[in-house]
There are 2 protein chains.
Amino acid sequence: MKQRPHSECQSALLPIRDALEVLSGKWKLQIIISISTGNQRFREIERSIPGITSKVLAKELKDLEEHQLIKRTVHDTIPVAVLYTPEPYACSLDNVIKALHEWGTGHRKKIIQRETTELPTGE
Amino acid sequence: MKQRPHSECQSALLPIRDALEVLSGKWKLQIIISISTGNQRFREIERSIPGITSKVLAKELKDLEEHQLIKRTVHDTIPVAVLYTPEPYACSLDNVIKALHEWGTGHRKKIIQRETTELPTGE
DNA sequence: TATAGCAGTTACCTGAAGGTAACCAGATGG
DNA sequence: CCATCTGGTTACCTTCAGGTAACTGCTATA
């Protein structure tokens with residue numbers, strides 16, 4: 001039997017893996033968006049993202065800082081103010097966020113249509 | 001103290017959540033890319049994605065089929081051939097994949113640069 | 001004095017994602 | 001006859017992202 005070789009797509013996959021490694025999870029992109037929108041304080045960001053908890057937020061913020069996507073600055077006021085701001089590098093995600101945003105919007109429409117079209121049949 | 005209101009960004013976040021719900025995880029996008037590249041058979045796809053296992057692949061394929069991103073067709077040859085092909089809807093992900101691909105490529109470059117610039121100092 | 005805000009931390013727990021390996025039945029090739 | 005291909009399934013196990021809740025030290029406000 002002729003062995004049909006599978007198409008190599010490593011060159012296409014590798015960058016995707018890299019990107020997913022940094023951006024995967026429920027929260028990272030949402031946090032970047034929130035900060036880019038102008039939220040700077042910990043509690044501000046927390047409140048702007050429904051469902052996130054302090055613990056998870058703290059952890060994700062550390063990750064994002066390590067990846068140089070956001071900056072954490074402690075202002076020596078009384079009481080201290082901790083500000084999170086986007087690093088320039090965060091802008092490089094604009095296209096990703098835009099693409100995801102558009103797709104999510106379209107997908108939601110599609111789902112809603114399907115739901116209203118298909119009359120539920122009991123199960 | 002004046003209560004600084006956190007910027008609302010729900011409208012920006014909701015579609016992102018929707019998108020992540022469908023596309024999240026290590027494998028979904030990689031599988032779509034593999035199939036779009038021309039891989040159709042189960043083992044073909046499996047071999048084209050380093051690290052994936054039959055079990056995970058089977059599960060992810062079901063998910064993707066449910067979301068109408070790929071189609072599973074059983075050809076009644078002997079022995080039976082099962083072919084996975086991209087649905088038209090999969091094309092709507094082109095921009096997402098492209099954006100992620102570009103970002104991943106750039107990010108990899110950045111990391112490598114940092115690694116070669118920073119001489120390791122022992123720890 | 002009590003309450004609420006700030007920026008988190010800690011301990012504990014759950015569920016889902018994912019990995020490991022064996023196995024199935026039918027067909028083909030050596 | 002045995003190994004290997006096909007398209008998966010099954011049972012078992014580990015990991016960890018993420019959730020819950022309490023709590024810290026400090027300040028400001030009522």
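Here is how names work: the chains are called A, B, and so on, in the same order as the sequence lines, proteins then strands, and each is numbered from 1. Being a predicted model, the structure only gives us computed values, none of them experimental.
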So what does A/Ile78 touch, heavy atoms closer than 4.0 Å: a base, only the sugar-phosphate, or nothing? sugar-phosphate
Does any N or O in the side chain of B/Thr37 come within less than 3.5 Å of the main-chain N or O of B/Ile33, such that one atom is a donor and the other an acceptor? yes
Interface residues of residues 14-22 of chain A with DNA chain C (non-hydrogen, below 4.0 angstrom): none
My understanding is that only residues two or more places apart in sequence, or in another chain, count here; which of them pass side chain to side chain contact (heavy atoms under 4.5 Å, CB included) with B/Ser24? none
Atom CD1 of A/Ile31 and atom P of C/dG8: how far apart are they, to the nearest Å? 13 Å
Hey, which sits more toward the 5' end of DNA chain D by its nearest nucleotide, B/Lys59 or A/Gly25? B/Lys59
Within this structure, what is the CG-to-P distance between A/Leu83 and C/dG8, rounded to whole angstrom? 10 Å
Is there a side-chain polar atom (N or O) of B/Arg47 under 4.0 Å from OP1 or OP2 of D/dT6? yes
Atom NZ of A/Lys26 and atom CD of A/Gln30: how far apart are they, to the nearest 0.5 Å? 8.5 Å
Between CZ of A/Phe42 and C1' of C/dG5 the distance, given in whole Å, is 14 Å
Taking only residues at least two apart or on different chains, which pairs with a member in residues 64-78 of chain A satisfy salt bridge (Lys or Arg N to Asp or Glu O under 4.0 Å)? none
So which pairs with a foot in residues 90-110 of chain A pass salt bridge (Lys or Arg N to Asp or Glu O under 4.0 Å), sequence neighbours left out? A/Arg108-B/Asp18
Of the residues in residues 62-74 of chain B, which ones touch DNA chain C at a heavy-atom distance under 4.0 Å? none
Those residues at least two apart in sequence (or on a different chain) that pass side chain to side chain contact (heavy atoms under 4.5 Å, CB included) with A/Ala81 are A/Arg41, A/His75, A/Thr77
Nearest non-hydrogen partners of B/Leu13 and A/Ser48, listed with the distance: CD1-O, 3.7 Å
A/Asp76 CG - D/dC26 P separation (whole Å): 15 Å
In this structure, how many angstroms lie between the C1' atom of C/dG18 and the CG atom of B/Leu61, rounded? 15 Å
From the list D/dA17, C/dT9, D/dT27, which nucleotide is the closest neighbour of the side chain of A/Ala58? C/dT9
Residues in side chain to side chain donor-acceptor pair (under 3.5 Å) contact with A/Gln10, at least two apart in sequence or another chain: A/Glu8
B/Thr85: side chain to side chain donor-acceptor pair (under 3.5 Å) partners, not counting sequence neighbours: none
d(CZ, A/Arg41; P, D/dT27) in whole Å: 15 Å
Checking B/Ser92 now: which residues fulfil side chain to side chain contact (heavy atoms under 4.5 Å, CB included) with it, not counting sequence neighbours? A/Trp103, B/Tyr89
What residues form a side chain to side chain donor-acceptor pair (under 3.5 Å) with A/Ser54, not counting sequence neighbours? A/Glu46
Can you pull the salt bridge (Lys or Arg N to Asp or Glu O under 4.0 Å) pairs that have at least one residue in residues 27-37 of chain A, sequence neighbours excluded? A/Lys28-A/Glu60, A/Lys28-A/Asp63
Under 4.0 Å, counting only non-hydrogen atoms across every strand here, what does B/Glu60 touch: a base, just sugar-phosphate, or nothing? sugar-phosphate
Between the protein and nucleotides 19-21 of chain D, list every N/O to N/O distance that falls short of 3.5 Å.
unit_1	atom_1	unit_2	atom_2	d
D/dG19	OP1	A/Lys26	NZ	3.3
D/dG19	N7	A/Lys55	NZ	3.4
D/dG19	O6	A/Lys55	NZ	2.2

For the pair made of CD in A/Gln40 and P in C/dG8, what is the distance, rounded to whole Å? 14 Å
